[in-house]
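Atoms within a ligand are numbered from 1 in the order they appear, just like the ligands themselves. Nothing here was measured: the structure is a model prediction, and the numbers come from that model.
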Amino acid sequence: MLCYRLTDFHPEMLVLFKLLPVLLFFPLLLVQSLDPAFNDDVLGLIVFKAGLTDPLSRLTSWNEEDDSACNWVGVRCDQDTNRVSELILDGFSLSGHLGRSLIRLQFLRVLQLSRNNFSGSVNPILAQIPSLQVIDLTENSLSGFIPEELFQQCGSLNSISLAKNNLTGSIPPSLSSCSNLERLNFSSNRLSGQLPSGLWSLSSLRLLDLSDNLLEGEIPRGIESLYNLRAINLRRNNFVGWLPENIGNCLLLKSVDFGENYFTGTLPLSMRKLSVCRYLDASRNLLTGEFPDWIGEMRSLEFLDLSVNNFSGRMATTVGNLQSLKQVNLSSNRFVGSLPESFGNCVNLKVLDVGQNLFSGNLPSWVFKLALESVSLSANRYSGTISFPAPLLQSYQSLELLDLSSNALTGGVPSAIGNFSRLQALNISRNSLAGSIPASVGELNTTSVLDMSHNQLSGSIPAEIGGAVSLQELRLESNFLTGAIPADIGNCSSLTSLVLSRNNLSGPVPVAIASLSNLELLDLSFNNLSGSLPKELTNLSHLDTFNASFNHLQGELPVGGFFNTIPLSSVIGNPSLCGSIVKHSCPAVHPKPLVLNPNSSVSNHGPLSPNLRHKRIVLSVSSLVAIGAAVFIAVGVVTVSILNMHARTSMARSAAAFTFSGGDDFSPSHDTEANYGKLVMFSGEVDFVTGAQSLLNKDCELGRGGFGAVYRTELQGGRSIAIKKLNTTSLVKCQEDFEREVKKLGKIRHQNLVALEGYYWTPSLQLLINEYISGGSLHKHLHDRESAGCLTWQQRFKIILGTAKGLAHLHQLNVIHYNMKSTNVLMDFSGEPKVGDFGLARLLPALDRYILSSKIQSALGYMAPEFACQTVKITEKCDVYGFGVLTLEVLTGRRPVEYMEDDVVVLCDMVREALDEGRIEECIDKKLEGKYPMEEAIPVVKLGLICASQVPSNRPDMEEVIRILELIQCPTESQEELE
Ligand SMILES: *[C@@H]1O[C@H](CO)[C@@H](O)[C@H](O)[C@H]1NC(C)=O
Ligand SMILES: *[C@@H]1O[C@H](CO)[C@@H](O)[C@H](O)[C@H]1NC(C)=O
Ligand SMILES: *[C@@H]1O[C@H](CO)[C@@H](O)[C@H](O)[C@H]1NC(C)=O
């Protein structure tokens, strides 16, 4: 007996032996063998469990030492026999196969394993459990065919569900032998092929659900053998042919679903006998014919869906007999005429969808008298006006969806629309509605979708719209709306789509839109909106579609956020917009009046009052403006307006801040400086007086360098300033860093340094305002034919020493010049040199060697060799190198690099060679011939060469240079040092 069992159990016994302590198990088996039936249930279930994964440990009560399985979770026994009769493990999260061990449960009647993860095929062994009445394997991962053997002896099978698995193949014909089958559910698999004809003779069948498969073929005309049928669901298959003509003989049918197949023909006349039928769905087929008159006889009908077919003709008035009707969907057919008034008798109606038909006439007034929840009459031919017939309508309390879109409705939007207290979606788009949007839309505080687009609505968008606080989608496009977009729209904080395109809206884009933080779609295109786009829009982190094209927007496009990636098409058609996206660089400064920002200057006076005006120190900074605009000036002269500027009266602070105002008058600007340029003069007290017109022409350009062009401009009062327009825009740091660095540089004052007096900042234009030095550059004095009045030795020495002092001062303050060269040394009227353009590299985001060397390219010959060497740190010694070259330049009057016919002469090499060969005099500027002390000249040449050493550490620091120069001037024993 035991031996027989072991072999019989073959595969699972192996698992069993792994699982159970053999010594424990065998005595049990021997003892129990006296009662073989009892033994079989425990054994069968333990082996079944052994093949499963039980991640939630739901089967821990299943203990092989127990005498009986009757108290185990999910197990029920027959009271008389004490044998397991039901195994109910629905939703236990078990996975594994349906093993052979279940065959041991010979008295099992109910096997319910739904909502687990059983996989593999449906084991035909189940057919060998003679008493099995219920098999429920719904919602598992079973695959493969349904085995033919499963139904070979299924006399007792009452209910089988294999729904929601991955079963394939066809339904086995053996199914027809299950003569007691009442419930058959194979829905939601991938079953295919034709239905076995025997299916239609299963006269016990109450429920037949084969929906959501790939089944095909025709349904026999007569299915009257299924006289017990309560529900038939063949939805979503590939069935063809006519609906079963005798279906009406299945008198007990309550639910009929033939939807989403390819059925043709009409609704079978016999259906009129289905007087207990509540649910009829024949939607999405190819059905034709008229709406049946007899429908009124299906008195129990609650749900009727004939949508998406080819039904035509008029609606039968008998529909009014369907007092239980709750939902009707007749959409997408070709029904004509009007909805019968008798519909008004269907007092239980909640949902009515007759969209996409050819219904015409006035809107049916009964619709609003019923307590409907959802009404769609869209895409028909309804005409006339929208009117709500009575002051107190049932639907005011009930209607959640009203779709009247795509009809030919005229007249206005009734103000009573605000009475629908539960409305969630209102679509009246694509009609011919005129007049203005009633303020009562603000009462629609439950509404999430409001679509009034594609009408002829005029007037402005009422500010009350802000009351519709639940709005997620607001579409008003393609109307004739005028006026400004109300800022109250910012109250609709749930908005995800806001479409206002193709109207005549004007005024600015309200900043409030930027507070709609859920916004995903914003379309403002084709209006007359003006002003600039609020930069706060960049905060809209969910925005993925933005369109402001074809308006009159102007100014700079916001930078950052989604604006970094919007396509040109989003902003095209706004000629005055600028920014990189529209490929139209922003004129950083418009030739407009400049007014002091009152907030930062006259805090104790408030905005400028008229009596304060005369006290204003007026400054024409027109030239600044003109320089800013110079990029756009074609050629020649431009007259610029006089600019008003109010100097900071408070001397406590060192900087005076000014902002450009958008207005044409001289009124103080309240705009934030971020929108405009910012001008800061470090001196605080501005000594520019009296206004006069100023001209800027290209002659004012003093020169160009690696960092930008320099212009000279005259201020009222005759004082000149030099303005450097940085051409490194794209490289300049952010405003904050820029200002910090510039302010640092502005604090540096030394008689041999050009003072930085102020700056002007916009994101796209930066100007540095420098002290103007009248004498021109050292370069000009040395090399310009016309101006090269000969510099004397004393003058040259003074230049070298002064330059050294200027540089030493910078180095003391840890500022590296980076760009030493003769064009950056300016001469004042007394012949004192002043080093300018220092520290500009600090304004770049990083001391990038590549950028540095490309900016300093023009300084060929001055550039220290370490710039070319990635591994050597750039220190102030690079300035010492430049100084060395400059010293040699001053002494020789020759350029650091000179291009001869077929030769390049590098000054340092030439001088070094001459020194080595003892013919240094040949190098000294010919203009000095006989007019200089050799005992001074030679050590200065040597100093210059040492400073221009290849190795940075061989170069002296500037303090030492000064000491040496001073010693050379008053010769002592120091000379030996240099020999
Ligand atoms: C079901 O079981 C299969 C393997 O049989 C596994 O791949 C899948 O992840 C399981 N699903 C769940 C929901 O546990
Ligand atoms: C309103 O109805 C029209 C067509 O009838 C449709 O295209 C549009 O998407 C609907 N509006 C909303 C917001 O769903
Ligand atoms: C919008 O919100 C503001 C501030 O809460 C409120 O003053 C205003 O009345 C609201 N607008 C509307 C139309 O509800």
Side-chain angles (χ1 to χ4, degrees), residues 307-308 329-333 351-360 363 374-383 386 399-410 413 415 417-418 420-421 423-433 436-457 459-479 481 483-503 510-523 536 545 547:
S307 64
V308 198
N329 190 349
L330 305 176
S331 65
S332 294
N333 279 289
V351 178
L352 175 68
D353 186 351
V354 298
Q356 286 172 284
N357 277 287
L358 303 169
F359 289 116
S360 55
L363 291 178
S374 172
V375 174
S376 173
L377 306 178
S378 75
N380 278 287
R381 295 179 172 175
Y382 284 111
S383 53
I386 304 174
L399 206 58
E400 292 172 4
L401 178 140
L402 179 57
D403 188 350
L404 305 176
S405 64
S406 297
N407 279 289
L409 300 170
T410 52
V413 180
S415 164
I417 204 92
F420 289 97
S421 59
L423 204 58
Q424 285 171 15
L426 174 63
N427 193 345
I428 51 175
S429 69
R430 295 175 193 273
N431 281 287
S432 301
L433 300 169
S436 54
I437 300 173
S440 62
V441 294
E443 288 155 33
L444 296 173
N445 57 12
T446 56
T447 305
S448 55
V449 177
L450 185 54
D451 191 345
M452 302 190 172
S453 63
H454 299 271
N455 278 292
Q456 290 149 28
L457 298 171
S460 55
I461 302 172
E464 287 82 357
I465 194 83
V469 290
S470 304
L471 276 185
Q472 290 170 13
E473 190 170 355
L474 176 59
R475 309 195 71 119
L476 301 175
E477 76 267 24
S478 298
N479 278 290
L481 298 171
I485 302 172
D488 296 72
I489 212 151
N491 293 19
C492 307
S493 57
S494 304
L495 271 178
T496 56
S497 298
L498 178 57
V499 184
L500 305 178
S501 61
R502 295 179 194 268
N503 280 289
V511 180
I513 285 185
S515 63
L516 300 172
S517 58
N518 297 307
L519 216 51
E520 291 163 13
L521 166 66
L522 176 59
D523 190 348
E536 291 81 355
T545 308
N547 195 348

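Taking only nitrogen or oxygen atoms, main chain and side chain alike, S406 reaches within less than 3.5 Å of ligand 2. An N or O contact shorter than 3.5 Å links N427 to ligand 2 by distance. The shortest N or O to N or O distance between D403 and ligand 2 is not under 3.5 Å. Between D451 and ligand 2, at least one N/O pair is under 3.5 Å apart.
Inter-residue side-chain proximity for I386 and I417 is flagged as unmet; no heavy-atom pair is nearer than 4.5 Å. L426 has its side chain out of reach of V441: every pair of non-hydrogen atoms, C-beta onward, lies at least 4.5 Å apart. Contact annotation: the side chain of L516 never approaches that of L522 to less than 4.5 Å [non-hydrogen atoms, C-beta and beyond]. Taking 4.5 Å as the limit, some side-chain heavy atom of I437 sits within range of a side-chain heavy atom of L481.
Against a heavy-atom cut-off of under 4.0 Å, V449 is close to the following atoms of ligand 2: 13 (C). Of all atoms in ligand 2, listed by their number and element, those nearer than 4.0 Å to a heavy atom of E473 are 13 (C).
Partner of D353 under the side chain to side chain contact (heavy atoms under 4.5 Å, CB included) criterion, out of L377, N329, L401: N329 alone.
The residues lining ligand 3, counting any heavy atom closer than 4.0 Å, are A463, E464, G466, G467, D488, N491.
For the residue pair P438 and S415, the shortest heavy atom distance occurs at CB-CA, 3.9 Å. When all heavy atoms of S494 and V469 are compared, the pair lying nearest together is OG-O, 3.8 Å. Taking both residues in full, the closest heavy atoms of Y382 and N407 are given as N-OD1, 3.0 Å, listed atom of the first, atom of the second, then distance. N431 approaches S405 most closely through the heavy-atom pair ND2-CA, 3.8 Å.
Close to ligand 2: S429, with a non-hydrogen atom less than 4.0 angstrom away.
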